[in-house]
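Just below is one structure, and these are the notes that go with it.
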Amino acid sequence: MNHEKITVAGLKKYLSLFEKSGLYWFCLLLRPCIEVSVSTIDALFYQKIINAVMTSDMDLFKTALWLAGIVLTMDMVKRLVVFIYMYQIRQIMKRLRIRVMTHLFRMSMSYFEGHHTGDSIQKLCFNVEDIKNSLAQTHQQVINPVIIGGAAIIIILALDLRIGLMVLALSAVSVRIDMILTKPLRGMAVRIQKLLASCTESLTDILAGIDIIKMFPGAQTMVGKYSKGNAEVAASTLKRFRRMSDVRAVEWVFGFLCNIVILIIGVFMSFAGMVDFGTVVAILSLQGMVSYFLSNIGSAWGSLMDSLVLGDRVFEILDQPVSQECERYLGVKEDYPSLPEERLPSSDMHMDSCGNAEGFSSTGDCGIQISDAIFTYDGSERVLDGVDITVDRGKTAALVGESGGGKSTVVKLLLGFYPLESGAVRVLGKPLAGYTPDELRRNIAYVPQDAYLFTTSIRENIRYGRLDASDEEVEQAARRAYAHEFIMSFPKGYDTLVGERGESLSGGQRQRIAIARAFIRNAPILLLDEATSALDAESEQLVQKGIEALMGGRTTLVVAHRLSTIEKADVIYVIERGKVCEKGRHAELMEQGGVYRRLVELSKSNVGV
């Protein structure tokens, strides 16, 4: 990308950020037009009043009074325009934030796995917010000098062609020099934004891993890395500031020269009788507008480059394609500004004979069916290579194997996070293409290894499974997940705040809240992704009780290392290097003496399946 040139295509793309902004642009253009009109009428007022005094012309004096009344009226109109202008900025920013956030939800999981959280925060928070400054200030800094200065030059040309041509020539030279000096500014702005993103990434790492940093001798290294990035930001910003100082110096010199030239030539021409003195005063009054143009256009151009860089940063998110699973399987629509509210089933919903939540229909075989699944994350190495998995309705299947074999990938495919390279996935007898996002999510409850809790109360974290659940339903779900007792041990009970990511709770407590969340969702399919692997024996026992209660009557797919979790499964699939190498019940696989038996023996040696 050429960071030194502003192209028409680049401007059009930047302007596309601001949807439904016609009234904003109208006010943005109208405001300097009003200022030009007021300044012009002021100049004509001085011309009329001076000539009226010098010639004792009463008609000219009355005309001057009328011009003064027009100026007062236009000043009041200007105040109304400014109010509408600022209101429109807030509306545009509201739509832009929702647009970016809506697109974020529709992006592929591979984007989040391949980009640092700090970089995304920099774009979503700081870069989007900085665009508000572009709307409120930068656009004015560019448009106002052009309209005001251009109008002033046209009026000066009309008043006296000779003086006007001199002003026009000086302005053209000044603008050309400014364009040359501001050419590197966009590249500088790109570098500064990247350095700022790097600093945000370092700070995010420090905050997220503060316990590890304190435990190990890494504080000096992390602080040094952040300090180095901060110093580079300061150096790059200073370099850009020096360049902008050069631009402003040139602007001031040409503004000063233009004032001096007009003053000297205007007075000389007036004494020579080539122009009346009132016209000279009017031109000198308008010359302030030309000086405003000359002293601002270069810095305004540099600010515009900064705004385009901010736009490019936001488009690094908006240009990301909607995830293929949304287009190919889930049929996500590209409409905004509002996100649809999820319609989730009630916690007292019953299962039908097929293991479906009541109100959901399924055709063909029930449960989960994955046929000849081939999948890659990067388009090269196959993570799944011809995998076939079937889970009958109301039954439990377990996936075991060494880390990196593809077990968690199967869960992600069922959740619709990624599309298959080839093969098919059916849920409750229907292919994923037959579901809307809402339907698929209502049919699946998911308990991951590291349950994420939001920075709110325990009650709201459980209720996230179904947003319209009552307090009684929340409590019932907590009891079934063996969480009610520890919740009530807190002074505020269910209203206890869990802290960021649930850090005020133990691992076992967080998992039981996640299980309660799955209970309240009451979906016919349950996915457990190593839900007990990180717990101690006591916590695991309580969590296991909750999981067993949750599994009752549901079609369940379990990814686990621990033998206690999988040996009761109706069928066990052993996955090795992306392929199903063994399949059967626990006793059958032990008799075969293959990979599964080796994993079980390792598990008994406390190594893990």
Checklist outcome for this item: Those residues at least two apart in sequence (or on a different chain) that pass side chain to side chain contact (heavy atoms under 4.5 Å, CB included) with Val81 are Cys27, Leu30, Arg31, Ile34, Val77
Checklist entry - For Arg191 and Ser236, which heavy atoms make the closest approach, and how far apart are they? => result NE-OG, 3.2 Å
Next on the checklist: Less than 4.5 Å apart, side chain to side chain, heavy atoms only: is that true for Ile444 and Arg521?
Outcome noted: no
Checklist entry - Shortest non-hydrogen contact from Ile513 to Ile462? => result CG2-CG1, 3.9 Å
Checklist entry - Does atom OH of Tyr452 have more than 12 heavy-atom neighbours, drawn from other residues, nucleotides or ligands, at distances under 6.0 Å? => result yes
Next on the checklist: I'd like to know whether Val411 forms a side chain to side chain contact (heavy atoms under 4.5 Å, CB included) with Lys407, so could you lay out the CA-CA distance, the side-chain angles of the two residues, the decisive distance to 0.1 Å, and finally the verdict.
Outcome noted: CA-CA 7 Å; Val411 175; Lys407 304 183 299 298; over 6 Å; no
Item to check | Closest non-hydrogen atom pair, Gln88 against Lys20 | outcome: OE1-O, 4.4 Å
Checklist entry - Are any non-hydrogen side-chain atoms of Arg99 and His103 less than 4.5 angstrom apart? => result no
Item to check | Side-chain touch Asp306/Thr138, heavy atoms, less than 4.5 angstrom | outcome: no
Next on the checklist: Within the 4.5 Å heavy-atom criterion, are Lys123 and Val314 side-chain neighbours or not?
Outcome noted: no
Next on the checklist: Distance check, rounded to the nearest 0.5 Å: Ser504 atom OG versus Leu453 atom CG?
Outcome noted: 8.5 Å
Next on the checklist: Minimum heavy-atom separation for Arg517 and Asn461, please, with both atom names.
Outcome noted: NE-O, 2.9 Å
Next on the checklist: Taking atom NZ as the centre, does Lys412 end up with more than 12 heavy-atom neighbours from other residues, nucleotides or ligands that are less than 6.0 angstrom away?
Outcome noted: yes
Checklist outcome for this item: Rounding to 0.5 Å, atoms OG (Ser457) and CZ (Arg463) come to a distance of 7.5 Å
Item to check | Nearest atoms (heavy-atom pairs only) where Ala136 meets Tyr85 | outcome: O-OH, 3.3 Å
Checklist entry - Are any of the side-chain heavy atoms of Arg79 and Asp75 separated by less than 4.5 Å? => result yes
Next on the checklist: Is it the case that the side chain of Tyr464 and the backbone of Phe454 share a donor-acceptor pair, with hydrogens and angles ignored and the cut-off at 3.5 Å?
Outcome noted: no
Item to check | Heavy-atom side-chain contact between Ile41 and Met74 under 4.5 Å | outcome: yes
Item to check | Approximate separation, where rounding is to 0.5 Å, of Tyr24 OH and Leu135 CG | outcome: 4.5 Å
Checklist entry - Counting N and O atoms only, with roles assigned by atom type, does the side chain of Gln511 sit under 3.5 Å from a partner on the main chain of Pro448, one being a donor and the other an acceptor? => result yes
Checklist entry - So do the side chains of Ile147 and Cys33 get within less than 4.5 Å of each other, counting heavy atoms only? => result yes
Item to check | Rounded distance (nearest 0.5 Å) linking atom CG of Leu11 with atom CG of Leu304 | outcome: 6.5 Å
Checklist entry - Is the shortest heavy-atom distance from the side chain of Leu15 to the side chain of Trp25 under 4.5 Å? => result yes
Item to check | Proximity of His139 and Phe18 rings by center, below 6.0 Å | outcome: yes
Next on the checklist: Check this for me: Phe26, atom CZ, are more than 12 non-hydrogen atoms of other residues, nucleotides or ligands nearer than 6.0 Å?
Outcome noted: no
Checklist entry - Who passes ring-ring contact (aromatic ring centres under 6.0 Å, His included) against Tyr446, sequence neighbours left out? => result none
Checklist entry - Could you state the interatomic distance from CG (Leu96) to CE (Met93), rounded to the nearest 0.5 Å? => result 5.5 Å
Checklist outcome for this item: Heavy atoms of Ala523 and Ala445 approach each other most closely as CB-N, 3.6 Å
Checklist entry - Is there a side chain to side chain contact (heavy atoms under 4.5 Å, CB included) between Leu318 and Val100 once you walk through the steps? => result CA-CA 7 Å; Leu318 294 179; Val100 173; 4.1 Å; yes
Checklist entry - When you look at Arg90 and Met86, which way does the side chain to side chain contact (heavy atoms under 4.5 Å, CB included) test go after all the steps? => result CA-CA 7 Å; Arg90 280 153 180 78; Met86 297 305 296; 3.6 Å; yes
Checklist entry - Got a sec, which pairs hit salt bridge (charged side-chain N to carboxylate O under 4.0 Å, His left out) with one end in residues 142-153, sequence neighbours left out? => result none
Next on the checklist: Pair Arg95, Ile92 - check side chain to side chain contact (heavy atoms under 4.5 Å, CB included), show working.
Outcome noted: CA-CA 5 Å; Arg95 288 192 292 269; Ile92 291 170; 3.6 Å; yes
Item to check | Interatomic spacing from OG in Ser245 to CZ in Arg240 - rounded to 0.5 Å | outcome: 10.5 Å
